[in-house]
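For reference, the structure discussed in these notes is given below.
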Amino acid sequence: MAEVLITVRLPAPATLEAAMRRLDLAEDEVDTAYGLVPVDPDRDLYVLRVTEDAGRRVGDSGGAGVADGGPYSDPPIEPYGPPR
Amino acid sequence: MRVLIQLRPSPDLVAAVADPSVSSMASDVADGLPGVVLDQSYAPVAVPRPMPASPGGDPLSLNQPLIFSMAPQDASVVVRGEIADDEVTSRIALLPATRRDVVAVYADPAIETTLTCAGDPAVGDWHDVERLLRVPDLTSEGLDGSGVPLAVIDTGINAAYVKAARGHDVTVDHERSWNPASVSGTPGDFPVDHGTMCAFDALIAAPKASLVDVPVLLSRRQGGSTLDGLLSDAIAAYAHLREVLDAQPAESRALVVTNSWGSFSPRWDFPPGHPGNYSDNPAHPFNLIVGSLAEAGADILFAAGNCGTQCRDSRCAFPDRPIVGANSHPRALSIGGIDTAGTRVGYSSQGPGRLTARKPDVCAYTHFAGSGALGDGEPDSGTSAACPVAAGLVAAVRSRWPATVLPPAQLRTLLRRTADDRSAVGYDHDYGYGVVDAAGIIAALRRRAAKAA
């Protein structure tokens with residue numbers, strides 16, 4: 001299933017468990033191997049990878065989400081060469 | 001953008017232009033056109049007026065028998081000039097309104113047919129790139145990459161191959177290298193591929209840089225092709241690089257990050273305008289972390305991409321403005337490609353960029369015989385090669401100029417300001433501000449050092 005990204009603000013030391021509690025996410029909705037990744041430590045901003053359904057539910061673009069932002073796309077990236 | 005401007009000046013001026021015994025200059029007929037840099041090397045040309053051959057013919061139609069009048073009261077004059085790329089629309093609209101003698105403004109497209117494209121043989125070799133980047137001069141200034149971590153975000157590096165191809169030792173910084181969770185392997189010991197080419201090309205200008213191996217593109221997704229990762233892996237890699245940067249002492253802080261990859265298609269992205277979109281959205285987490293890492297002191301370079309109009313990569317699926325997402329980030333340098341003859345390669349993506357209009361920033365060398373990592377006899381090609389070539393130049397600078405002394409924003413400005421401009425009006429969407437110029441950089445750094453002394 002496609003996954004999306006959501007962002008959350010948490011005071012340091014932030015943990016994936018704390019993020020999941022804040023966002024009311026179940027373990028099977030989160031890519032725990034990816035974990036909680038700091039985006040901007042100066043702003044206590046973190047990102048996590050979640051299922052599309054969970055992203056829609058907790059992301060802020062729907063209006064009622066508790067996440068700081070998202071769901072954001074997680075597109076594939078490829079080398080720019082050699083040109084084909 | 002180069003343009004042709006058609007004017008209808010006074011009949012005696014038209015007669016003078018049409019008279020081969022009289023020498024005319026562009027400024028004689030078109031001086032003071034607002035926003036236009038006239039090409040004084042292009043003598044004005046008189047152009048006849050098409051007129052209906054039969055009385056009563058439609059004076060505006062070209063689809064009828066015509067005669068062409070060179071009578072001074074009928075003919076017009078064409079001059080050549082250049083308008084800044086980001087002013088083209090407004091200038092073309094305003095020129096006929098502000099100058100009554102301006103009849104029309106036309107594009108003057110390049111008609112060269114020999115741009116280097118995919119499949120073409122190499123143009124020069126990596127020793128030519130060394131010469132063009134003035135590596136001996138850089139070295140004599142102490143700008144050789146010593147002590148500078150140079151992160152190659154790619155498919156992994158094979159250090160033994162790079163060493164054999166270069167004929168010199170290669171340093172891989174194992175401690176600072178990093179693998180995504182789904183990738184196993186030892187830094188510097190990955191299969192020879194695209195990342196090995198990037199490492200080789202980065203070391204041309206910075207032979208003593210320490211390579212930080214970050215094989216993000218080896219990460220796998222369900223249904224993915226053989227070489228691709230996910231943008232989320234790049235976010236995790238950048239979070240690691242932030243730790244690397246923050247752990248350095250301020251007085252020697254330096255980290256150069258080269259990225260020869262990007263997103264080819266809008267298919268997997270939310271559409272532009274959607275708050276979760278990547279390509280056009282500075283608030284996407286990857287675009288945020290790129291900005292955050294640059295602000296913390298890293299020099300970040302992205303390949304502009306291989307979607308140039310003359311011979312675009314078949315994977316390019318954006319209908320226009322193919323320099324997307326972080327490849328057009330305001331706090332990163334977007335690198336276009338030229339061959340060692342100094343001509344833009346036909347596949348190098350043209351601006352404007354999506355996050356920042358003025359992309360690419362500068363061009364660097366590509367399509368030369370180099371590492372051979374892409375196959376026997378295959379040139380190091382794509383803006384994939386141009387980006388690490390430019391990153392090596394940045395790493396060379398960093399060996400004597402840490403980020404605390406020359407912040408990344410100032411270094412980006414320095415590269416743009418010293419670039420060898422390829423147009424008459426400064427910035428253009430093919431070459432950006434021009435081609436990286438090591439001599440100009442060295443001179444500017446000398447002036448800066450003298451000022452600080």
Side-chain angles (χ1 to χ4, degrees), chain A residues 1-10 12-16 19 30-65 67-84, chain B residues 117-118 154-155 181-182 193-195 197 216-217 221 224-225 227-236 239 242 246 260-265 267-270 274-278 281 283-285 288-289 291-292 303 305-306 311-315 347 374 378-385 387:
Chain A
M1 182 179 195
E3 292 189 317
V4 294
L5 304 170
I6 54 172
T7 52
V8 61
R9 283 179 202 276
L10 288 170
T15 63
L16 180 61
V30 178
D31 183 344
T32 53
Y34 185 72
L36 184 71
V37 175
V39 172
D40 188 345
D42 301 331
R43 294 166 55 201
D44 297 327
L45 185 66
Y46 297 84
V47 67
L48 56 169
R49 190 153 66 181
V50 301
T51 63
E52 212 169 351
D53 287 346
R56 262 200 303 270
R57 190 179 76 244
V58 305
D60 78 336
S61 59
D68 177 75
Y72 295 103
S73 62
D74 186 14
I77 50 177
E78 296 178 64
Y80 271 163
R84 298 177 193 167
Chain B
C117 287
D154 215 279
T155 61
S182 62
D193 211 313
H194 188 263
M197 175 195 78
V216 160
L217 301 179
R221 64 188 168 90
S225 60
L227 279 183
D228 64 6
L230 290 169
L231 197 58
S232 49
D233 296 316
I235 295 175
R242 178 64 187 264
D246 287 349
S260 291
W261 51 268
S263 171
F264 275 100
S265 169
R267 183 178 165 207
W268 301 99
D269 197 358
F270 292 117
H274 184 287
N277 165 267
Y278 165 63
N281 180 13
H284 188 281
L288 288 180
I289 203 167
S292 164
N306 301 334
C311 39
R312 67 202 317 233
D313 188 306
S314 59
R315 293 170 291 176
Y347 49 73
L374 300 178
E378 288 295 320
D380 287 9
S381 64
T383 52
S384 276
C387 185

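Residue numbering restarts at 1 for every chain, and letters A, B, ... go by the order of the sequence lines.
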Side chain / backbone / both / neither for B:Arg267 at chain A, heavy atoms under 4.5 Å: neither
Part of B:Asn277 lying under 4.5 Å from any heavy atom of chain A: backbone
Student check: side-chain heavy atoms of B:Leu231 and A:Tyr72 closer than 4.5 Å: no
Contact winner vs chain A - B:Gly305, B:Ala181, B:Cys387, B:Cys117, heavy-atom pairs under 4.5 Å: B:Gly305
Test item: A:Asp40 side-chain N/O and B:Ser292 main-chain N/O as donor-acceptor pair under 3.5 Å: no
Selection from B:Tyr347, B:Phe264, B:Tyr278 maximising heavy-atom pairs under 4.5 Å formed with chain A: B:Phe264
Pairwise side-chain contact, B:Leu288 with A:Arg43, heavy-atom cut-off 4.5 Å (strictly under): yes
Residue B:Leu374 versus chain A: region with a heavy atom under 4.5 Å: side chain
Max heavy-atom pair count under 4.5 Å with chain A, selected residue of B:Gly382, B:Ser265, B:Ala118, B:Gly262: B:Gly262
Side chain B:His284, main chain A:Ser73, donor-acceptor under 3.5 Å: yes
Heavy-atom pair with the smallest gap, counting every atom of B:Ile289 and A:Val39: CG1-O, 3.2 Å
Where B:Leu230 and A:Asp74 come nearest, the two heavy atoms and their spacing: CD2-O, 3.5 Å
Sub-4.5 Å side-chain heavy-atom contact between A:Pro38 and B:Arg242: no
Heavy-atom contact with chain B under 4.5 Å, split by part of A:Ile6: neither
Minimum heavy-atom distance between B:Asp313 and A:Pro83, given as atom pair plus value: OD2-CA, 3.4 Å
Selection from B:Ala303, B:Cys311, B:Ala234 maximising heavy-atom pairs under 4.5 Å formed with chain A: B:Ala303
Pick from B:Ser232, B:Ser381, B:Ala236 with the largest number of heavy-atom pairs that fall under 4.5 Å of chain A: B:Ser232
pair A:Arg49-B:Asp233: side-chain heavy atoms closer than 4.5 Å: yes
